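Scroll down for the structure; my scribbles are underneath it.
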Amino acid sequence: MSPDPLAILAQPAPLVAPALIGWTLTHHTPDGVVTVELTETEAYAGETDPASHAWRGQTARNAVMFGPAGRLYVYLSHGLHFCANVVTGTEGDASAVLLRAGRVVEGVDLAQHRRGEHVALRSLARGPGNLGQSLALTTQHSGAHLLDGGSLVLAPPARPPAAVSSGPRVGVSRAHDWPWRYWLTGDPTVSAYRRSKLASASLSR
DNA sequence: GTCGGGATCAACT
DNA sequence: GTTGATCCCGACG
């Protein structure tokens with residue numbers, strides 16, 4: 001039998017992130033249902049992680065990350081893009097896993113309508129902001145339980161993915177060299193590796 | 001009350 | 001491969 005999903009999520013983020021590859025996230029809305037199979041994740045450790053929102057302690061926005069595992073943390077990036085995280089670890093430990101990309105496996109028409117009619121199938125949920133838009137996630141969903149049988153459901157796959165790769169994190173200005181980014185090897189929905197601007201700047205020195 | 005940074009995306013060369 | 005757009009949140013005085 002497959003183990004209790006909550007037991008998996010209660011581990012530290014760097015262990016949960018690779019384990020989440022291949023899981024599905026489903027969002028039931030009045031419009032219909034969209035399901036995304038996760039193909040790319042990224043771990044954030046919390047207070048010990050300079051790149052985490054929780055680095056400087058608890059605030060009103062990131063309070064969800066300090067709570068128990070199995071809940072959703074959504075934040076607004078650059079004033080435009082909604083990015084979704086799964087809260088991991090134990091209560092009081094502000095670790096979380098960022099959902100960077102996925103493949104839409106259910107509700108393609110609805111997701112395509114949300115993203116724009118001429119968006120390629122494989123690009124529907126490529127990138128954290130695009131994934132959030134395909135699932136119609138906003139900050140009002142932050143704190144929602146994912147294992148509660150609510151409108152948002154996170155579920156393990158029938159069988160583990162074939163191969164998972166790991167590498168440096170993307171788009172963060174600090175601690176980018178921690179290999180805490182994981183993706184389904186060879187999957188077209190995974191974005192190409194882009195070193196952060198600050199990282200490439202320090203590299204050229 | 002003000003300032004500066006940021007876990008991004010899309011378009012253009 | 002590279003550059004610009006664009007809004008919110010948190011820190012500090």
Side-chain angles (χ1 to χ4, degrees), chain A residues 12-14 16-18 20-21 25 36 38-67 69 71-89 93-104 111-143 166-183 188-204:
Chain A
V16 180
L20 279 182
I21 300 295
L25 180 61
V36 166
L38 302 178
T39 57
E40 188 180 357
T41 62
E42 206 164 87
Y44 288 85
E47 294 134 306
T48 61
D49 185 350
S52 170
H53 285 173
W55 177 42
R56 304 198 187 195
Q58 182 170 354
T59 66
R61 181 175 60 151
N62 64 27
V64 175
M65 283 202 294
F66 287 82
R71 300 209 288 174
L72 191 69
Y73 167 57
V74 182
Y75 71 94
L76 186 58
S77 177
H78 293 62
L80 299 174
H81 309 290
F82 292 107
C83 302
N85 303 251
V86 176
V87 178
T88 63
D93 169 33
S95 66
V97 173
L98 171 68
L99 310 181
R100 288 198 54 86
R103 183 167 57 88
V104 178
Q112 206 154 39
H113 178 71
R114 287 167 176 165
R115 294 272 292 115
E117 300 298 334
H118 295 296
V119 174
L121 179 61
R122 65 177 222 176
S123 301
L124 282 178
R126 185 167 80 149
N130 294 333
L131 185 146
Q133 190 176 357
S134 288
L135 288 171
L137 295 175
T138 69
T139 49
Q140 67 177 324
H141 299 106
S142 196
S166 70
R169 297 191 288 188
V170 179
V172 304
S173 52
R174 296 183 60 85
H176 45 75
D177 51 339
W178 299 8
W180 284 0
R181 174 174 170 253
Y182 302 89
W183 65 93
T189 63
V190 176
S191 52
Y193 170 59
R194 272 171 52 193
R195 188 176 288 266
S196 71
K197 290 179 182 174
L198 221 81
S200 45
S202 62
L203 190 72
S204 63

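Computed from a predicted structure; not experimentally measured. Just so we're on the same page: letters track the sequence lines, and every chain starts at 1.
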Only counting residues at least two apart or in another chain, list the ones meeting side-chain hydrogen bond (donor to acceptor under 3.5 Å, both in side chains) with H141(A). none
[X] (side chain) donor-acceptor with [Y] (main chain) under 3.5 angstrom:
X       : Y       : result
S166(A) : P179(A) : no
Q133(A) : R114(A) : yes
E47(A)  : G57(A)  : no

So if I define the base as every atom that isn't primed, P, OP1 or OP2, how would nucleotides 6-12 of chain C read as a B/S/- string at a heavy-atom cutoff under 4.0 Å? BBSSSS-
Should T39(A) and R122(A) count as side-chain neighbours, where that means a heavy-atom distance under 4.5 Å? no
Side chains of T41(A) and I21(A) in contact at under 4.5 Å (non-hydrogen atoms): yes
Would you say the base of dA7(B) stacks on Y44(A) (centre-to-centre below 5.5 Å, plane angle below 30°)? yes
How many Å lie between [atom1] on [X] and [atom2] on [N], as a whole number?
X       : N      : atom1 : atom2 : result
M65(A)  : dA7(B) : CE    : P     : 11 Å
N85(A)  : dG6(B) : CG    : C1'   : 14 Å
H81(A)  : dG5(B) : NE2   : C1'   : 16 Å
R174(A) : dG6(B) : CZ    : P     : 9 Å

Just to be sure I understand the rule, does N130(A) reach a base, reach only the sugar-phosphate, or reach nothing, if contact means heavy atoms closer than 4.0 Å? sugar-phosphate
Just list the side-chain donor-acceptor pairs under 3.5 Å for residues 94-104 of chain A, sequence neighbours left out, or say none.
{"unit_1": "S95(A)", "atom_1": "OG", "unit_2": "T88(A)", "atom_2": "O", "d": "3.2"}
{"unit_1": "S95(A)", "atom_1": "OG", "unit_2": "T88(A)", "atom_2": "OG1", "d": "2.8"}
{"unit_1": "S95(A)", "atom_1": "OG", "unit_2": "D93(A)", "atom_2": "OD2", "d": "3.3"}
{"unit_1": "R100(A)", "atom_1": "NE", "unit_2": "E40(A)", "atom_2": "OE2", "d": "3.2"}
{"unit_1": "R103(A)", "atom_1": "NH2", "unit_2": "E37(A)", "atom_2": "OE1", "d": "2.5"}

Please list, for nucleotides 11-13 of chain B, all pairs of protein and nucleotide N/O atoms separated by less than 3.5 Å.
none

Tell me if the side-chain of H53(A) makes a donor-acceptor pair with the base of dA7(B), cut-off 3.5 Å, by modelled atom types. yes
Roughly how far, to the nearest 0.5 Å, is the CG atom of L137(A) from the CG atom of L131(A)? 7.5 Å
Interatomic distance, S123(A) atom OG to R115(A) atom CZ [nearest 0.5 angstrom]: 7.5 Å
Under the rule of Watson-Crick or G-U wobble with both distances under 3.5 Å, where | means paired to another strand and [ ] a crossing pair, DNA chain B maps to ||||||.|||||.
N or O in side chain of R100(A) less than 4.0 angstrom from dT8(B) OP1/OP2: yes
By the salt bridge (charged side-chain N to carboxylate O under 4.0 Å, His left out) test, which pairs, at least two apart or in different chains, include something from residues 49-59 of chain A? D49(A)-R169(A)
Taking all heavy atoms of G46(A) and all of S52(A), pick out the closest pair and write down the distance. O-CB, 3.6 Å
